[in-house]
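Order of the sequence lines sets the chain letters (A, B, ...), proteins ahead of strands, with each chain counted from 1.
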There are 2 protein chains.
Amino acid sequence: MSKLEEVADALKLLGDRNRLTIVALLQVKELCVCEIVDILKTSQPNISQHMRKLRDGGLVKESRRGQWVYYSLCLEDKPYILDILKEIPSQAALIVPAVCEANDCCT
Amino acid sequence: MSKLEEVADALKLLGDRNRLTIVALLQVKELCVCEIVDILKTSQPNISQHMRKLRDGGLVKESRRGQWVYYSLCLEDKPYILDILKEIPSQAALIVPAVCEANDCCT
DNA sequence: TAGTAATATAATTATTTGCTTATTTATAGT
DNA sequence: ACTATAAATAAGCAAATAATTATATTACTA
């Protein structure tokens with residue numbers, strides 16, 4: 001696959017409102033699936049499938065800890081994506097620990 | 001529309017192999033439709049429709065000169081897109097003036 | 001080890017998208 | 001005015017995509 005195609009594929013991943021929000025959220029801190037579901041107000045399988053696409057595209061990595069799967073950004077080799085994220089206002093305010101306090105998942 | 005949605009829409013536009021190539025080509029120089037058709041080896045209506053999307057998304061501007069419509073980049077207010085384009089190898093080699101010499105469109 | 005919670009996968013559906021073919025509009029040249 | 005060329009638009013279609021619902025997997029806990 002050419003470099004251009006690689007970039008196009010990454011941009012296609014980010015060209016979705018939900019996925020771009022997820023990546024922006026992960027810039028604040030790593031999150032578990034349940035918290036992303038809670039923030040984006042959509043179904044758990046929907047988020048699960050978005051996370052798989054982001055993982056297959058090499059944009060995030062996962063780490064299972066107990067019951068929970070935590071996702072974090074993986075953009076060391078993709079500085080242009082960080083430049084894109086700089087353009088987006090911080091999504092930090094969306095992260096409220098309600099679910100996590102109930103679940104004891106994210107500290 | 002939120003800033004995030006604006007960025008997502010722009011990235012969706014660029015997340016297509018043909019459109020990303022077109023934008024990369026326009027970084028080299030403005031081009032008329034017939035030359036883009038020739039370079040990308042696809043149909044004229046296909047390119048026309050891609051150009052309309054890029055124009056509606058504010059990424060390119062057009063200028064008609066005689067029979068020909070020339071497109072050029074319009075990215076002053078979108079520096080993050082220039083950062084993306086830096087990631088892509090120059091597509092200059094794709095531009096060969098065969099069609100334009102026959103048509104007298106691009107100098 | 002039975003039950004529960006978190007996540008993933010499968011199957012399905014509805015929408016969107018990229019492309020094709022056919023037609024129309026716009027401009028130039030005779 | 002008539003013809004030719006460039007580009008845009010319209011209509012139709014197949015493939016891709018985002019979402020939903022249902023089910024399976026994994027891990028903790030009592």
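- Of the candidate nucleotides D:dA7, C:dG18, C:dT7, D:dA7 has the atom nearest to the side chain of B:V33.
- Between B:Q44 atom CD and D:dA10 atom C1' there is a gap of 13 Å when expressed in whole angstrom units.
- The shortest distance between the side-chain N/O atoms of A:K53 and the OP1/OP2 oxygens of D:dA18 is below 4.0 Å.
- Among the atoms of the strands shown, none is found under 4.0 Å from any heavy atom of B:R65.
- Candidate nucleotides C:dT17, D:dA27, D:dA22 were compared by shortest atom distance to the side chain of B:K12, and C:dT17 ranks first.
- Remark: the backbone N or O of B:D16 is not paired with any side-chain donor or acceptor of A:K12 at under 3.5 angstrom.
- The side chain of A:T42 contributes no N or O atom lying less than 4.0 Å from OP1 or OP2 of D:dA18.
- The listed nucleotides are C:dA11, D:dA7, D:dT21; the one nearest the side chain of A:S43 is D:dT21.
- B:I84 is listed as a side-chain neighbour of B:L11, based on a closest heavy-atom distance under 4.5 Å.
- Between A:N18 and D:dA19 there is a side-chain polar atom (N or O) within less than 4.0 angstrom of OP1 or OP2.
- Closest approach to the A:P45 side chain among C:dT7, C:dG18, C:dT9 is made by C:dT9 (side chain taken as heavy atoms from C-beta onward).
- For the pair B:R52 CZ and D:dA6 P, the interatomic distance rounds to 21 Å; values are reported in whole Å.
- Side-chain N/O atoms of B:N46 include none lying less than 4.0 angstrom from OP1 or OP2 on C:dG18.
- Classification of B:K86 and B:D83 as a salt-bridged pair holds, one side-chain N sitting under 4.0 Å from a carboxylate O.
- B:R19 comes within 4.0 angstrom of sugar-phosphate atoms only, judged by non-hydrogen atoms across all strands, and of no base.
- When the side-chain nitrogen and oxygen atoms of B:Y71 are compared with OP1 and OP2 of D:dA6, none of them lie within a distance under 4.0 Å.
- When atom types are taken as modelled, the side chain of B:R55 and the backbone of B:K61 share no donor-acceptor pair closer than 3.5 angstrom.
- Rounded to whole Å, the distance from CD on B:E62 to P on C:dT25 is 18 Å.
- As rounded to whole Å, 13 Å separates atom P of D:dA16 from atom CG of A:D9.
- Taking atom CD1 of A:I47 as the reference point, atom P of C:dT9 lies 15 Å away to the nearest angstrom.
- In this structure, A:R65 satisfies the cation-pi test against A:Y70, with its NZ or CZ atom closer than 6.0 Å to the six-membered ring centre and inside 45 degrees of the ring normal.
- Rounded to an integer number of Å, the gap from A:R17 CZ to C:dT16 P is 16 Å.
- In this structure, of D:dT9, D:dA7, D:dA19, it is D:dA19 that holds the atom nearest to the side chain of A:H50.
- The nearest whole Å value for the distance from the CZ atom in B:R64 to the C1' atom in D:dA7 is 6 Å.
- Taking hydrophobic clusters as Ile, Leu, Val, Met, Phe, Trp and Tyr residues chained together by side-chain heavy-atom distances below 4.5 Å, A:W68 does not share a cluster with A:V96.
- If you take CG of B:D16 and C1' of D:dT17, they are 14 Å apart, rounded to a whole angstrom.
- For A:Q49, the listed nucleotide lying nearest its side chain is D:dA19; candidates were D:dA19, D:dA7, D:dA18.
- Taking only side-chain atoms of A:Q67, from C-beta outward, the nucleotide of D:dA19, D:dT17, C:dA6 with the closest atom is C:dA6.
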